[in-house]
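In listed order, ligands and their atoms are each counted from 1. Position 1 is the first residue of the sequence; numbering continues from there.
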Amino acid sequence: MERAQRKVLILSAKSEFREGDSVEVLTEENTFRGTIMPGRERFLSLKLNNGYNMGIEKDKIKEVRVINRMKAVKEQKRPARERKSLKCIAVLHTGGTIASKVNYETGGVSAGFSAEDLIELVPELSDIVNIKTELVSNMMSEDMNFSNYRKIASAVKKQAESGVDGVIIGHGTDTLAFTAAALSFMFEKISIPILVVGSQRSSDRGSSDSAMNLVCAAEFIRQSDFAGVAVCMHSSLSDDKCAILPATKTRKLHTSRRDAFKAVNDKPIAFVDFVTRKIEFLKTDYHKRAPGVKSKDVALQDGFEEGIGLLKVHPNMSKGLFEFFTGSYKGIIIEGTGMGHAPTNTEENLPNFNILKRFIDNGGVVGITSQCIYGRVHPHIYTNLRRLENIGCVFCEDMLPETALIKLAWLLGNYSREKAVELLPKSLRGEITERTTAENDHGI
Ligand code: GLU
């Protein structure tokens, strides 16, 4: 078919279908059946009958046949009634899949949600707590900047000062752990639980984890004396329990599994049994809500230095990378190999060593972490690591590289360079554990 002719067909077809219509889309190679969703300029978005979403390039479409027109449905909302006997929590929506409301006609996930929407999505919540909701942003978490962290923190502060008993932050899973770490550094003192909650599978799929993660978070806030920031996510492949994970020691370790989030070099703070609703604490040294301390007592330090970079070491690294990082940033976290190595030893790589030395001499900060995930960096085992320590590189023990990145940005955003260097290798929010134990490294 001629390109011009094909375009006309698509345009005419386009005028005949609407979001929510069930259609058959014909391209040169395939036929797709599904529901039209709100789309992007060059793509037609389709929710396939198997539940997955796909974008089809409009230029490749030969024809769109409407199978069923969308029926207009009236949304029914259960009012979110406040019950005096229940605790009150604020649910902040930042984006991602969690707690977004799916419109089953269009298959699209709606922008924000109200308390009523949330209760409709997870009706059990209203038996556990009273809910207030606030839309902070509606974005994919890979797009987050420090300015978003500030916005979330100021919403948390406002809610805490209004007297809520806890806050749940619905968040995209990809960078959820970065945000949890950032909030934990920002709030040195907060007397209520702040739980960052995500969902690996969207709410419209049978295997969605959003409802269970939210219910477990609400139960944890209702029952426990925990105060501070933590992550609440599925802990196994079955719908049996969620883990309450330490904000600075948690990582997304799987792209799609519901139990993707694990404590690394650490253990969960607690488990929430979804069936019995019992809380089992694994830690006893967590921050507790002190009797008499009001949720209003909040100390927020929300400075972040923008000029921080994370440099991952690999073989055959371009020499220009060290130049670029030291020229662009005030602080660098090196995600080294093994115990914290970087290519700085051979005659060929010696310039990298000299670049780092010059950078530190001129006021830059270099933190060393490992890409091994488990275990800790150590400056005294290999001579070349001693050399890095001697020029002022800071070895960050078993701190996750992501946490070190956030921590260094936060330190340089709130303290002098000297203080930042002093505090980087010290555990402020549990980001460094004293010893690596077999139970903390998943038996590796
Ligand atoms: N990349 C998206 C995000 O992290 C994935 C959706 C999700 O996990 O919620 O926001």
So do the side chains of Met186 and Gln301 get within less than 4.5 Å of each other, counting heavy atoms only? no

Between Phe32 and Val23, is there a side-chain heavy-atom distance shorter than 4.5 Å? no

Just grab all the ring-ring contact (aromatic ring centres under 6.0 Å, His included) pairs involving residues 164-191, residues at least two apart or on different chains. Phe185-Trp410

Counting only heavy atoms and a distance below 4.0 Å, can you name the residues contacting ligand 1? Gly96, Thr97, Met140, Ser141, Glu142, Gly172, Thr173, Asp174, Ser199

Can you name the residues that form a side-chain contact (heavy atoms from CB on, under 4.5 Å) with Thr276, not counting sequence neighbours? Asp273, Lys278

Return the set of residues passing side-chain contact (heavy atoms from CB on, under 4.5 Å) with Ser238 (not counting sequence neighbours), or none when no residue passes. Ser236, Asp240

Under 30°, 30 to 60°, or over 60°: which ring-plane class applies to Phe281 and Phe220, parallel, tilted or perpendicular? tilted

